Amino acid sequence: MNLSDMNDKHITIIGSGFAGLCMATQLIRHGHKNFQIIEKMDDLGGTWRDNTYPGCACDVPSHLYSFSFETRSEWSTTFPTRDEIFAYISSIGIKYGLYDKTRFNSEITSARFNENTNKWILTDQNGVTSETDIIVSGLGQLNRPKIPTIAGHDSFTGPIFHSARWEHQHEFEGKRIGIIGNGPSAAQFIPEIAKISEQMTVFQRSPCHVVPRNDKPYSAFQKFLFKYVPGLRRFYRGLIFWSLEVSFLSFNENKKPPFLVRLLSLSGSLEDRINEQFDTQVKDPKMREILKPDYTIGCKRVVISDEYYPALLRDNVHVETKHIDQITANGIRTKDGKEHKFDIIIYGTGFESTDFLAPMEIEGRNKQSLNTAWRDGAEAYLGITLPDFPNLFILYGPNTNLGTNSIIFMIESQVNYVLGAIVALGNKKAATLEIKKSSMAGFADYLKARLSTSVWARDCDSWYKNESGKITNNWPDFPHEYNEKTAKFDDEAYHFETGKASPAAVAGE
């Protein structure tokens with residue numbers, strides 16, 4: 001598709017992680033130059049810019065955790081490290097001239113739709129306003145650290161910080177370190193810090209399922225083949241993709257496509273791999289009791305690691321299962337009254353994942369507040385569009401996260417859909433489009449039905465759910481099915497307006 005004839009439409013992309021960069025590069029590749037990226041920090045990169053903790057890496061294999069249109073032959077290992085991913089992102093920014101297209105150090109605090117002009121008015125943290133025709137949010141789900149409310153947080157006299165805001169200036173060697181949380185990020189930095197600390201205590205609310213990582217370096221010969229054998233990188237990406245699709249069989253009770261079941265019989269189930277690693281690495285009866293989850297695999301995020309269990313079994317590491325009462329000047333007091341003394345406390349407690357566009361205040365048609373629209377939990381059509389919010393598109397939005405496979409695959413599917421929407425605006429000579437309320441209702445019913453049979457609906461807490469228990473984050477079906485649903489923009493599901501909103505559009509029918 002060629003978008004060059006739509007350059008009269010100005011597009012604002014908010015955020016410069018993989019989602020924002022994918023949108024920007026595809027606009028350029030399809031001839032659209034009238035856009036700007038707005039980024040709150042001083043560099044591109046999103047979560048891969050922000051997370052610099054020791055051991056930081058991706059849980060998706062390197063050759064799939066990259067754009068299909070910008071593959072790379074030089075990945076050093078099966079799973080990419082944070083530094084390699086950030087270097088890849090920077091190279092994309094340079095190649096496509098995105099640094100010059102980005103307004104850095106500018107955080108959008110509000111977006112208001114002007115029904116007289118059919119444009120969005122954006123305001124940043126300094127009160128500076130700008131106007132745009134189309135907003136594409138690339139904020140994602142994992143951009144704001146979650147710090148639990150614990151009494152005494154401000155009373156601790158030593159360094160205390162979240163893993164996503166790692167404070168590298170501190171000396172960790174020979175120190176007593178308390179870790180609050182044991183999710184995927186914590187499972188990466190715990191082994192690294194355990195090697196150098198005098199003593200470490202990991203405060204665990206519930207154990208996690210751990211699947212082997214089997215990370216291995218690529219040889220020079222393999223890199224040579226990836227670089228020079230035509231089609232090899234695409235073929236290898238496909239192998240990785242379908243092997244991860246097989247893993248989704250463990251997360252859904254009803255959908256068992258025969259060809260994936262056959263692949264499963266060859267690769268072994270996720271449950272088998274998890275149990276085998278647990279039995280191999282955790283022999284001590286007491287630690288088996290502490291580290292063995294009592295919930296279904298996949299109900300919470302599965303940790304991918306070869307080093308997590310060995311780190312917890314070190315002589316200088318203690319796993320504490322007593323609940324935290326408060327943080328004190330010298331450490332952490334648990335509910336049993338015991339005070340654990342530390343030099344440093346680190347939160348490994350994940351992210352505020354269910355408040356998708358926070359902290360922005362967004363006001364759509366008829367002064368509709370997004371906070372009000374989402375009061376019972378975020379939802380969007382295909383995770384991308386919302387009734388009453390014309391020309392607003394969300395990438396990596398509600399119910400588009402994956403328990404397996406690559407989110408970049410999902411993002412590329414979403415960007416392709418948004419490009420189709422922009423073309424439809426041009427073809428219909430329309431000023432705005434917005435999803436019909438009836439279309440949104442039908443999609444919400446589909447989500448509810450599909451999610452009710454998923455492992456995430458089980459009785460366990462996870463970042464996939466909001467406080468009321470609604471699953472707002474995960475896609476309920478196979479990623480390849482999402483790609484099929486977004487492959488073509490379904491313009492019959494939308495209202496198109498050529499000028500000021502009509503009564504029909506206001507009613508949403």
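Just so we're clear, the structure is a prediction, and the values are computed from it rather than from any experiment.
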When you look at CZ of Arg165, are more than 12 heavy atoms from neighbouring residues, nucleotides or ligands closer to it than 6.0 Å? yes

Using 30° and 60° as the class boundaries, would you call the ring planes of Phe67 and Phe18 parallel, tilted or perpendicular? perpendicular

Donor-acceptor pair, side chain of Tyr381 and main chain of Ala493, under 3.5 angstrom: no

Apply side-chain contact (heavy atoms from CB on, under 4.5 Å) to the pair Arg301 and His209, showing each step before the final yes or no. CA-CA 8 Å; Arg301 174 76 180 271; His209 289 289; over 6 Å; no

To the nearest 0.5 angstrom, please state how far the OG1 atom of Thr486 sits from the OH atom of Tyr417. 8.5 Å

Does anything in residues 82-99 form a salt bridge (charged side-chain N to carboxylate O under 4.0 Å, His left out)? List the pairs, not counting sequence neighbours. Glu70-Lys95, Arg72-Glu84

Exam field: side chain His153 to backbone Ile147, donor-acceptor pair closer than 3.5 Å: no

Is Thr123 reaching over with its side chain to a backbone N or O of Thr109, donor-acceptor style, under 3.5 angstrom? no

Quick one: are Cys208 and Lys300 in side-chain contact, heavy atoms under 4.5 Å? no

Using 30° and 60° as the class boundaries, would you call the ring planes of Phe443 and Trp475 parallel, tilted or perpendicular? parallel

With no hydrogens and no angle check, just 3.5 Å: does a side-chain donor-acceptor pair link Glu361 and Ser110? no

Is there a donor-acceptor pair closer than 3.5 Å between any side-chain N or O of Thr132 and the backbone N or O of His10? yes

With a 3.5 Å cut-off and no angle check, do the side chains of Tyr53 and His168 form a donor-acceptor pair? no

State, without any angle test, whether His480 and Glu245 hold a side-chain donor-acceptor pair at a distance under 3.5 Å. yes

Basic-acidic side-chain contact under 4.0 Å: Arg365, Glu434: yes

Students often mix this up, so state it plainly: with edges at 30° and 60°, are the rings of Phe104 and Tyr99 parallel, tilted or perpendicular? tilted

Under a 3.5 Å threshold, yes or no: a donor from one side chain and an acceptor from the other, between Arg375 and Thr372? no

For the atom pair CD1 (Ile179) and CD1 (Ile332), what is the distance rounded to the nearest 0.5 Å? 9.0 Å

side-chain contact (heavy atoms from CB on, under 4.5 Å) partner of Tyr347, chosen from Pro145, Pro148, Ser163: Pro148

Can a donor-acceptor pair be found, under 3.5 Å and without considering hydrogens, that links the side chain of Ser305 to the backbone of Gln188? no

Quick one about Thr201 and Gln199 (side-chain donor to acceptor, distance below 3.5 Å, no hydrogens or angles considered), yes or no? yes

Between Tyr88 and Trp48, does the ring-ring contact (aromatic ring centres under 6.0 Å, His included) criterion hold? Intermediate values first, please. CA-CA 10 Å; Tyr88 173 79; Trp48 296 108; over 10 Å; no

Donor-acceptor contact present, side-chain Asn405 to main-chain Phe241, <3.5 Å: yes

So that I can tick it off, tell me whether Lys470 and Asp376 are bridged by a salt bridge, with the cut-off set at under 4.0 angstrom between side-chain N and carboxylate O. no

Are the charged groups of Glu39 and Arg49 less than 4.0 angstrom apart, N to O? yes

Within 45° of the ring axis of Tyr494 and under 6.0 Å from its six-membered ring centre, is that where the NZ or CZ of Lys436 lies? no

Does any donor atom in the side chain of Ser247 or Thr404 lie under 3.5 Å from an acceptor atom in the other side chain? no

Distance from His340 atom NE2 to Lys322 atom NZ, nearest 0.5 Å? 8.5 Å

Please confirm whether the backbone N or O of Gln204 pairs with a side-chain atom of Glu320, one donor and one acceptor, at under 3.5 Å? no

How about Thr328 and Glu339: does a side-chain donor come under 3.5 Å of a side-chain acceptor? yes

Rounded to the nearest 0.5 angstrom, the CE-CZ distance for Met200 and Arg176 is 14.0 Å

Measure the shortest side-chain to side-chain distance between Ile274 and Ile297 over non-hydrogen atoms and say whether it is less than 4.5 angstrom. yes

Please determine if Arg213 forms a cation-pi arrangement with Phe79, meaning its NZ or CZ atom is less than 6.0 Å from the six-membered ring centre and no more than 45° off the ring axis. yes

Atom NZ of Lys9: over 12 foreign heavy atoms under 6.0 Å: yes

Among side-chain atoms of Asn483 and Ser413, is any donor-acceptor pair under 3.5 angstrom? yes

Answer whether the closest heavy-atom distance between the side chains of Leu64 and Phe409 falls below 4.5 Å. no

Run the side-chain hydrogen bond (donor to acceptor under 3.5 Å, both in side chains) test on Tyr396 and Asn473 for me, step by step, so that the C-alpha distance in whole Å, both residues' side-chain angles and the decisive distance to 0.1 Å come before the verdict. CA-CA 9 Å; Tyr396 194 15; Asn473 291 72; over 6 Å; no

When you compare the side chains of Asn401 and Asn474, does any donor N or O come within less than 3.5 Å of an acceptor on the partner? yes

Do the side chain of Thr349 and the main chain of Lys146 share a donor and acceptor less than 3.5 angstrom apart? yes

Atom pair CG (Leu386) and CG (Asp388), whose distance is rounded to the nearest 0.5 Å: 9.0 Å

So with a 6.0 Å cut-off around NZ of Lys292, is the heavy-atom count from everything else above 12? yes

Any chance you could measure Phe189, atom CZ, to Ile177, atom CD1, to the nearest 0.5 Å? 9.5 Å

Check for a donor-acceptor pair, side chain of Asn51 on one end and backbone N or O of Thr47 on the other, with a separation under 3.5 Å. yes

Quick one: is the NZ or CZ of Lys175 closer than 6.0 Å to the six-membered ring centre of Phe342, and within 45° of its axis? no

Under 6.0 Å from the six-membered ring centre of Phe113 and within 45° of its axis: does the NZ or CZ of Lys367 meet both? no

Report the C-alpha distance between Leu27 and Ile11 in whole Å, list the side-chain angles of each, state the deciding distance to 0.1 Å, and finish with yes or no for side-chain contact (heavy atoms from CB on, under 4.5 Å). CA-CA 10 Å; Leu27 286 174; Ile11 300 171; 3.9 Å; yes

Is the ring pair Phe69/Tyr96 parallel, tilted or perpendicular, if the boundaries are 30 and 60 degrees? perpendicular

Under the side-chain hydrogen bond (donor to acceptor under 3.5 Å, both in side chains) criterion, do Glu412 and Ser68 qualify, and how do the steps go? CA-CA 8 Å; Glu412 286 197 43; Ser68 63; 2.6 Å; yes

Using a 3.5 Å distance criterion without hydrogens, assess whether the side chain of Trp456 forms a donor-acceptor pair with backbone atoms of Gly298. yes

Side-chain donor-acceptor contact under 3.5 Å, Asp124 with Ser106: yes

